[in-house]
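One structure is given here, and the rest of the page talks about it.
Just so you know, residue 1 is the first one in the sequence shown, and it goes up from there. Here the structure is a predicted model, which is why all the values come from computation and not from measurement. When a ligand or atom number is given, it counts from 1 through the structure's own listing order.
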Amino acid sequence: MRFVDFKKLTQDRIRANIKVSLSGCWEWQLYIRRNGYGQMKHDGKTVDAHRVSYECFHHEIPAGMFVCHRCDNRKCANPDHLFLGTAQDNSDDMVAKDRPRGRKPKLTDEQIQEAMSLRRQGLYYHQIAAHFGVTTMCIHNHLNAPANDNECSTRQTRASEC
Ligand SMILES: [Zn+2]
């Protein structure tokens with residue numbers, strides 16, 4: 001019972017310190033660290049607000065797991081925008097998000113295999129593209145190109161799309 005109340009109190013504290021953005025993000029209104037994550041005092045410690053939010057709205061974070069943002073907004077503490085990932089997911093995520101605009105990543109051979117199998121399962125190019133976070137044209141090019149041609153640079157259109 002006390003545990004439930006404690007969780008509820010923390011939830012109320014989080015709700016009191018956020019502002020809901022147009023996109024539904026719960027933007028942290030207290031201290032924001034230099035790396036962009038919101039911070040709060042919790043249990044006598046200074047911790048990441050989004051991690052506390054995850055724990056009090058969902059469940060405890062298993063050891064070694066990271067809390068990642070679907071919304072790409074580090075200030076956001078909306079539990080619906082948070083998901084658990086491994087260290088690897090987290091760094092992939094960061095690499096994906098720190099990528100300069102306009103330069104899409106090429107897919108790895110493994111991803112191309114996965115894309116092909118998604119295509120065989122009947123997914124559309126744009127759905128597969130969304131899954132990998134690349135352009136539809138990029139998927140189109142990959143799936144119609146020889147397996148070793150994943151640079152998307154052999155033609156002008158490929159270079160600009162991927
Ligand atoms: Zn968000």
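Excluding waters, the count of protein N/O/S atoms less than 2.8 Å from the Zn ion (ligand 1) comes to 4.
Residues satisfying the salt bridge (Lys or Arg N to Asp or Glu O under 4.0 Å) criterion with R119, sequence neighbours excluded, are absent altogether. Qualifying salt bridge (Lys or Arg N to Asp or Glu O under 4.0 Å) partners for D12, counting only residues two or more places apart in sequence or in other chains: K8, R15.
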Please report the C-alpha distance between H42 and E55 in whole Å, then the side-chain angles of each, then the deciding distance to 0.1 Å, and finally whether the side chain to side chain donor-acceptor pair (under 3.5 Å) criterion is met. CA-CA 11 Å; H42 180 65; E55 289 203 313; 5.4 Å; no

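Side-chain atoms of N17 do not come within 3.5 Å of backbone N or O of W28 as any donor-acceptor pair.
Classification of the H69-Y37 ring pair by plane angle, with boundaries at 30° and 60°, yields parallel.
Summarising the hydrophobic clusters (Ile, Leu, Val, Met, Phe, Trp, Tyr; side-chain heavy atoms under 4.5 Å, direct or chained), the residues clustered with Y31 are none.
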